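Computed from a predicted model, the values in this text were never measured in an experiment.
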Amino acid sequence: TRRFVLEAERVDEDERHDDFAHVPGLILRLTFRGEATYAPLLGTVARQTGVDYSILSGRIDRIKDTPYGQLTLALVGGDLEAAMSQLNAADVHVEVLR
């Protein structure tokens, strides 16, 4: 399921660069599966690490009966490494776009 979602959501690298060229910070794509899709993870990570985030795009859907979600975020300030570690520890696939 994860591989299918990642392949289905591929965006042309040049388009992605143009879309987010004006956005400051670290750009990430997060992929959630199962119940993690609905967990209040971003707020928790932001409070604990001091990182601010902007949601640039996102969607929630289902493959068969399994919910999944993808968010593209910009992260600024705070402890970015700790934020990424917490996301990974929560079983979220983290892809650094920029």
Side-chain angles (χ1 to χ4, degrees):
T1 300
R2 177 175 280 183
R3 189 177 71 237
F4 173 76
V5 170
L6 292 173
E7 289 174 5
E9 292 298 316
R10 291 287 176 220
V11 175
D12 181 274
E13 293 297 323
D14 292 332
E15 288 178 25
R16 180 185 301 150
H17 180 71
D18 292 343
D19 288 347
F20 305 137
H22 67 285
V23 178
L26 181 66
I27 308 287
L28 302 177
R29 174 181 286 150
L30 309 180
T31 302
F32 304 84
R33 285 186 307 142
E35 291 307 310
T37 304
Y38 304 113
L41 183 60
L42 294 180
T44 301
V45 170
R47 279 191 303 280
Q48 292 178 353
T49 63
V51 171
D52 291 320
Y53 64 90
S54 298
I55 298 173
L56 304 176
S57 67
R59 71 185 241 180
I60 295 176
D61 213 333
R62 288 185 171 271
I63 295 179
K64 295 190 180 187
D65 291 330
T66 304
Y68 74 91
Q70 285 195 320
L71 289 175
T72 302
L73 305 175
L75 300 180
V76 295
D79 187 343
L80 295 173
E81 287 184 34
M84 290 181 59
S85 292
Q86 286 186 16
L87 292 167
N88 282 313
D91 200 28
V92 174
H93 179 271
V94 179
E95 179 184 359
V96 177
L97 302 181
R98 184 192 76 206

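- Summarising the geometry, atom CG belonging to D91 is positioned 12.5 Å from atom CD belonging to E35; distances are rounded to the nearest 0.5 Å.
- A donor-acceptor distance shorter than 3.5 angstrom exists from the side chain of R98 to the backbone of G25, with no hydrogens or angles considered.
- Taken together through direct or relayed side-chain contacts under 4.5 Å among Ile, Leu, Val, Met, Phe, Trp and Tyr, V96 and I55 form part of one hydrophobic cluster.
- Taking 4.5 Å as the limit, every side-chain heavy atom of L41 sits out of range of all side-chain heavy atoms of L30.
- Smallest separation of non-hydrogen atoms from N88 and V92: OD1-O, 3.5 Å.
- The CG atom of L75 sits 8.0 Å away from atom OG1 of T49, with the distance rounded to the nearest 0.5 Å.
- Scanning all heavy atoms of the two residues, the minimum distance from D65 to P67 falls at O-CD, 3.5 Å.
- Residues L26 and V51 have side chains not in contact (no heavy-atom distance under 4.5 Å, counting atoms from C-beta outward).
- Across A74 and P24, no two heavy atoms sit closer than the pair CB-O, 3.7 Å.
- Residue L73 holds its CG atom at 8.5 Å from OG of S54, rounded to the nearest 0.5 Å.
- Between atom OH of residue Y68 and atom CG of residue D61 there is a gap of 4.0 Å, rounded to the nearest 0.5 Å.
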Given side-chain contact (heavy atoms from CB on, under 4.5 Å), test F32 with I60 step by step and report yes or no. CA-CA 9 Å; F32 304 84; I60 295 176; over 6 Å; no
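- Contact detail for A36 and A90: the closest heavy-atom pair is CB-O, 4.4 Å.
- Evaluation of the salt bridge (charged side-chain N to carboxylate O under 4.0 Å, His left out) rule for D52 yields no partner, not counting sequence neighbours.
- Rounded to the nearest 0.5 Å, atoms CZ (F20) and CG (L97) are 7.0 Å apart.
- Here the side chains of L28 and Y53 are not in contact, with every heavy-atom distance at 4.5 Å or above.
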